[in-house]
Every structure is written in structure tokens, then in C-alpha cells.
Amino acid sequence: MTFSQRVYSVVKKISKGSVLTYKQVAEKSGSPKAYRAVGNILSKNTDPLIPCHRVIKTNGDFGGYNGLMGRKIALLNQEGVE
DNA sequence: GACCTGACTCAAC
DNA sequence: AGTTGAGCCAGGT
């Protein structure tokens, strides 16, 4: 089980209406200081099962996610995410 | 195996 | 409060 796999598991466990920061994911993944790796891995593995859009920056702002979404994210936010 | 990159975060200016 | 520099991690080249 590599760190990336752990990150995937954590992100996939995010419930609707909940958002985790890269730091939170890193902590749950086992390495509280691996926030760097989290962003890096997610960027290279944009799996459809991974709601990367639910992963935001610690300041509460939206992260990158260059995905083909865009406004879909806003819709998702309306689902329950602030 | 070493160096570079990146969707980050924190502390200091 | 905004910008800059430094620090950390895993993956890719």
C-alpha cells in the first residue's frame, strides 16, 4: 500500500457535503506533512472515483483541479458543501 | 538512485 | 493583509 493508495482511500471516504483540506487528507493518510505529496499525487491521478473537488486548501479556498468541470464544482458545492 | 516538479502549508517581512 | 522564502513529501524524468 503506497501513500498514494492511502490518499485515494481517504478522499473516497469523504461524504457528500464534507470537504477535507490537503493537510487533513495527509494526516489521515498517515503523514501529516505529506500535504505536498497529496496534491502532487492527486494531480497525476485524476481518478473519477476520487472527488478531488472535495479536497481544498487549508484556507478554505478551492484548490486547483484543472478538471473539465468548473461550474460543476459550484453545483457540487450546492449539494451540501459550503 | 539523484534531481526536478507540483493541485501545499507555515512563518516571516 | 498580501507577498516572499523556506520546508516538507511522493512521483516522474
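Note that the structure is a prediction, hence the values are computed from the model and not measured. To find a chain, count down the sequence lines: A is the first, B the second, and so on, and within it residues start at 1.
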Could you tell me whether A/K23 atom NZ has more than 12 heavy atoms of other residues or ligands within 6.0 Å of it? yes
Run the side chain to side chain contact (heavy atoms under 4.5 Å, CB included) test against A/S43 and tell me which residues pass, sequence neighbours left out. A/N40
Taking all non-hydrogen atoms of both residues, which atom of A/R54 and which atom of A/S18 are closest, and how far apart? CD-O, 3.6 Å
Decide whether A/L42 and A/I14 are clustered together by the hydrophobic rule: side chain heavy atoms of Ile, Leu, Val, Met, Phe, Trp, Tyr closer than 4.5 Å, transitively.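 Yes.
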Same cluster for A/L20 and A/I41 if Ile/Leu/Val/Met/Phe/Trp/Tyr side chains link at under 4.5 Å?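 Yes.
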How many Å lie between [atom1] on [X] and [atom2] on [N], as a whole number?
X     : N      : atom1 : atom2 : value
A/Y22 : B/dC10 : OH    : P     : 14 Å
A/E27 : B/dT9  : CD    : P     : 11 Å
A/K57 : B/dG6  : NZ    : P     : 15 Å

Distance in Å, A/T21 OG1 paired with A/D61 CG, rounded so as to fall on 0.5 Å steps: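 Result: 12.5 Å between the selected atoms.
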Give, for atom CD of A/E27 and atom OH of A/Y35, the distance between the pair rounded to the nearest 0.5 Å.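 It comes to 10.0 Å.
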Output a table of nitrogen or oxygen pairs between the protein and nucleotides 1-4 of chain B separated by less than 3.5 Å.
none

For a quick check under 3.5 Å, do A/Y8 and A/N45 share a side-chain donor-acceptor pair by atom type? yes
Protein within reach of the bases, or only the backbone? For nucleotides 6-13 of chain C, mark each nucleotide 5' to 3' as B, S or -, using heavy atoms under 4.0 Å. -BBBBSS-
